[in-house]
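In what follows, chains are A, B, ... by sequence order, proteins preceding strands, each numbered from 1. These numbers come from a predicted model, not from an experiment.
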There are 4 protein chains.
Amino acid sequence: MAVQRETTRDRILEAAENAFGDKGYHETLVDDIAGRTSLSKGGFYFHFPSKEDLFFAVIDRLASRLTRRAEEAAGRCESPLAGADAALSEVLTTLGRRRRLAKVLLVQGYSMGSAFEQKRVEVFGQFAAVIQDGLDRAVEAGEISPIDTEVVSRAWLGAVNEVIVNWIYRGTPAPSDALPVLRKVLVGGLERPTADREASNG
Amino acid sequence: MAVQRETTRDRILEAAENAFGDKGYHETLVDDIAGRTSLSKGGFYFHFPSKEDLFFAVIDRLASRLTRRAEEAAGRCESPLAGADAALSEVLTTLGRRRRLAKVLLVQGYSMGSAFEQKRVEVFGQFAAVIQDGLDRAVEAGEISPIDTEVVSRAWLGAVNEVIVNWIYRGTPAPSDALPVLRKVLVGGLERPTADREASNG
Amino acid sequence: MAVQRETTRDRILEAAENAFGDKGYHETLVDDIAGRTSLSKGGFYFHFPSKEDLFFAVIDRLASRLTRRAEEAAGRCESPLAGADAALSEVLTTLGRRRRLAKVLLVQGYSMGSAFEQKRVEVFGQFAAVIQDGLDRAVEAGEISPIDTEVVSRAWLGAVNEVIVNWIYRGTPAPSDALPVLRKVLVGGLERPTADREASNG
Amino acid sequence: MAVQRETTRDRILEAAENAFGDKGYHETLVDDIAGRTSLSKGGFYFHFPSKEDLFFAVIDRLASRLTRRAEEAAGRCESPLAGADAALSEVLTTLGRRRRLAKVLLVQGYSMGSAFEQKRVEVFGQFAAVIQDGLDRAVEAGEISPIDTEVVSRAWLGAVNEVIVNWIYRGTPAPSDALPVLRKVLVGGLERPTADREASNG
DNA sequence: TATGAATGAGCATTCATTCAT
DNA sequence: AATGAATGAATGCTCATTCAT
């Protein structure tokens, strides 16, 4: 009942969050976590049944914290749209303040070493470059208002990525069905110059 | 001189694409690939110096194909914006037609088994639900026009994800800098059901 | 506090000495050593970081024992020349009593990589140093005429080495039979100062 | 019948001598030798049935050359003792001129299986036989007192071996510098049957 | 003679997990 | 609660050798 300053379980969770954030799941050994906790391997297994369970516990803890913050931020808003907007901002801001947290949540569980991560950077960079190039020229041509096309191209790429991955894992909605919505939201999200500047177009 | 119907190297690449798509990098054994190619393990190592090299070769092949298709689609369009739009559609459509290809490119290199993938589904689902809930209520409240909020919430989530991951790996742009742009594009991409704005629709 | 009858590490060392003596370094598998110790392969690796480390530990143990015996034998003698003579005898006798020990020390394991060659240098250097030290003092004491004791000590060492190796491979002549001859040749090969110096001996 | 300037087999032998001298038997791959000969692996196997056979061919070539030189040197001397002495000198001098040859002969390749050990016996036996023959005849000629010439020849061989190996690994003392000392010790170690020398025995 | 693709047995090392104490 | 010795299945990679061409 009294305040439990810090249980061994919590220390493990903390150490694991750091370890997974630093090195990813596979590269993090149970020995690493035991070491960071000044615990023997056997000691660790008293608190968690497996390394996988530990990883999930770490993820759950991080995810529930983040979800709660997002919900609270939304709850403080008057209109629902403002709430969704606030949730978006809250998540981005929180992750932006804690890079390691972000890494565990978004990448590290699904990564395998620096060589692989570099490859991810390279390949996604290729895709983003194609989009960004189009957007840059759209700006130059006066089709859309000036905007940070790097961020926008990453946003497009991420949106496509997530829609596809969601479809892979859950089977729906089909990409073909999602496409019109995605186009309306993403392409439609770009401001078109006001009428009086259209004269500057060829 | 003659057409090289199918080199052993290509057969390995093909088998590896399937294997990685089915089971992910770690779960795919060199023996699996050798088996699928009717090749001995030693035979495989004659063509590729390591399993990691093979994986990268697979990724490169897929990525360059997809990039080429996207660029070609963009090139067929008259305006740059239409080009970016077309590239987006092409990528989504192509990946949507080949689930396994999508898996290798977007997930499998960075995953570790079905339990982990389920966790990914669960956690990302939580985040998406928060956003979707807000959007649903925004629609009900008449703040925004009716739209498939599942797709939109996934798009938002994906956009945030990618912006964060890009920042993690490349250090820039900072999430705080990206936030306004992201909000403008994502939130601004939603139609407001004001009577006088219908004229702005194509 | 109590006497540590036999640690697992010692059992491994013992088994490894026999295995290396029987089959040489390359032919001895980690599985062999684990088997002889009734230990799993993983169990072995708890005690030694690698097969190479184990080999060096075996060599070190044998070498230090032999060096100690040689030094003790030399210490029991009154004159330096007799001491060097005794050290020579001790090494020869000891190796002659344990063929396997000799095999590990003089033959098995060398010439398979720079790390092994360095070890050879180190161990042979230890032996040579013991002999050379005795010879140096014999010179100082006026027992023998000044001479390049480094070369002489290497010669003694090499002669012993070869007699032993020959016995290992061919079974004859036995070290005990060879000893008197060896002593006469090697020790007798050193010049004694001219007659008028005999007065300086005890 | 015609002069065969350089057969492929000889080129392989040459390359192998260098390779074995540089890296030892195990570390030298068939690929290395094929590479140094600008030959494919398959090409190599046309000329030699196995890597082991190649190694033995290399050793045989080196050993027979060295043996011949030693015998010739002995043959040019008037007395048997001088001949043995000359053989000793010849071996030492020859090995001292070609460090790599010495390395292959004395160190590289042994102690890795019974076939290798048998070869060691054979080759060392050849050398010892040359020396022993000279000593036997020196005894017969009354140059030196009767003694176990097998042991003595092994001692000489071992002394030379060790001085050479020491030089190989540590670079000093140079064989040429060691030679006089070695001669004085080893040759001087043999009793001359002069009547007035019996007083010097203990 | 020579090539080079293919073989396949071999092997050290890793690491999550167990368990007697 | 904790230790640390022990397990054992798992696996990527090596390399001498073969063989169809």
Side-chain angles (χ1 to χ4, degrees), chain A residues 7-9 11-12 25-35 37-55, chain B residues 7-9 11-12 25-35 37-55, chain C residues 7-9 11-12 25-35 37-55, chain D residues 7-9 11-12 25-35 37-55:
Chain A
T7 67
T8 298
R9 185 188 162 88
R11 278 174 41 232
I12 295 174
Y25 179 82
H26 268 113
E27 274 65 33
T28 298
L29 308 183
V30 172
D31 269 320
D32 292 336
I33 289 157
T37 326
S38 300
L39 210 60
S40 69
K41 239 194 285 206
F44 163 75
Y45 276 95
F46 180 81
H47 296 280
F48 288 90
S50 76
K51 181 187 172 186
E52 196 172 300
D53 271 86
L54 170 65
F55 181 71
Chain B
T7 67
T8 298
R9 185 188 163 88
R11 276 173 45 231
I12 294 173
Y25 179 82
H26 269 113
E27 274 65 33
T28 298
L29 309 184
V30 172
D31 271 319
D32 291 336
I33 288 157
T37 326
S38 299
L39 209 60
S40 66
K41 223 189 289 202
F44 162 74
Y45 278 97
F46 180 80
H47 295 279
F48 290 89
S50 73
K51 181 185 169 186
E52 195 172 303
D53 271 86
L54 170 64
F55 181 71
Chain C
T7 67
T8 299
R9 184 187 164 88
R11 278 174 42 232
I12 294 174
Y25 179 81
H26 270 114
E27 274 63 35
T28 298
L29 307 185
V30 172
D31 269 319
D32 293 335
I33 290 157
T37 326
S38 298
L39 209 59
S40 68
K41 228 190 285 204
F44 163 73
Y45 277 97
F46 180 82
H47 295 280
F48 290 90
S50 74
K51 181 185 169 185
E52 194 172 305
D53 271 85
L54 169 65
F55 181 72
Chain D
T7 66
T8 298
R9 184 187 164 88
R11 278 174 41 233
I12 294 174
Y25 179 80
H26 268 114
E27 275 63 35
T28 297
L29 308 183
V30 172
D31 269 318
D32 292 335
I33 289 157
T37 326
S38 300
L39 210 59
S40 69
K41 238 193 286 208
F44 162 75
Y45 276 95
F46 179 83
H47 295 279
F48 289 89
S50 74
K51 179 186 172 187
E52 197 171 301
D53 272 87
L54 168 65
F55 181 72

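Heavy-atom distances to DNA chain F give each of Ser38(C) and Gly42(B) a nearest nucleotide, and the one nearer the 5′ end belongs to Ser38(C). The 5' end of DNA chain E is approached more closely, in terms of each residue's nearest nucleotide, by His47(B) than by the other of Lys41(C) and His47(B). Across the interface with DNA chain F, nearest-nucleotide mapping of Leu39(C) and Val30(D) shows Leu39(C) to be the residue nearer the 5′ end. Taking the nucleotide of DNA chain E with the nearest heavy atom to each of Thr28(C) and Gly43(B), the more 5' of the two is matched to Gly43(B).
Note on ring orientation: taking the six-membered ring where Trp is involved, the planes of His26(B) and His26(A) are tilted (angle from 30° to 60°).
Atom-to-atom distance recorded for Leu54(C):CG and Ile33(C):CD1 is 5.0 Å, nearest 0.5 angstrom.
Taking atom CG of Asp31(C) as the reference point, atom C1' of dC11(E) lies 8 Å away to the nearest angstrom. The interatomic distance linking Phe44(A) (CZ) with dT18(E) (C1') rounds to 14 Å, in whole Å. Computed from coordinates, the Glu27(A) CD to dA16(E) C1' distance equals 15 Å when rounded to whole Å. Protein atom OH of Tyr25(D) is 15 Å distant from nucleotide atom C1' of dT14(F), rounded to whole Å. A straight line from CZ of Phe48(C) to C1' of dT14(E) spans 18 Å, rounded to a whole angstrom. With rounding to whole Å, Asp32(C) atom CG is found 13 Å from dA12(E) atom C1'. At whole-Å resolution of the value, CG in Leu54(A) and P in dC15(E) are 17 Å apart. We find that CZ of Phe46(D) is positioned 15 Å from C1' of dT21(F), with the value rounded to whole Å.
Remark: dG8(E) base-pairs with dC15(F); criterion is Watson-Crick or G-U wobble with both hydrogen-bond distances under 3.5 Å. The base-pairing partner of dT21(E), taking Watson-Crick or G-U wobble contacts with both distances under 3.5 Å, is dA2(F).
Closest approach of Leu39(B) to Gly43(B), counting heavy atoms only: CD2-C, 3.7 Å.
You'll find that the side chain of Tyr45(B) is closest to dT14(F), out of dT3(F), dT14(F), dT13(E). Distance from the side chain of Thr8(A) is smallest to dA2(F) among dA5(E), dT7(E), dA2(F). Among the nucleotides dT3(F), dT17(F), dG12(F), the one closest to any side-chain atom of Ser40(A) is dT3(F). Side-chain atoms of Leu29(A) lie closest to dC15(E) of the nucleotides dA5(E), dT14(E), dC15(E).
Within the 4.5 Å cutoff, no side-chain heavy atoms of Phe44(B) are placed close to those of Thr37(B).
A cation-pi arrangement, defined by a distance under 6.0 Å to the six-membered ring centre and an angle within 45 degrees of its axis, is present between Lys51(A) and Tyr25(A).
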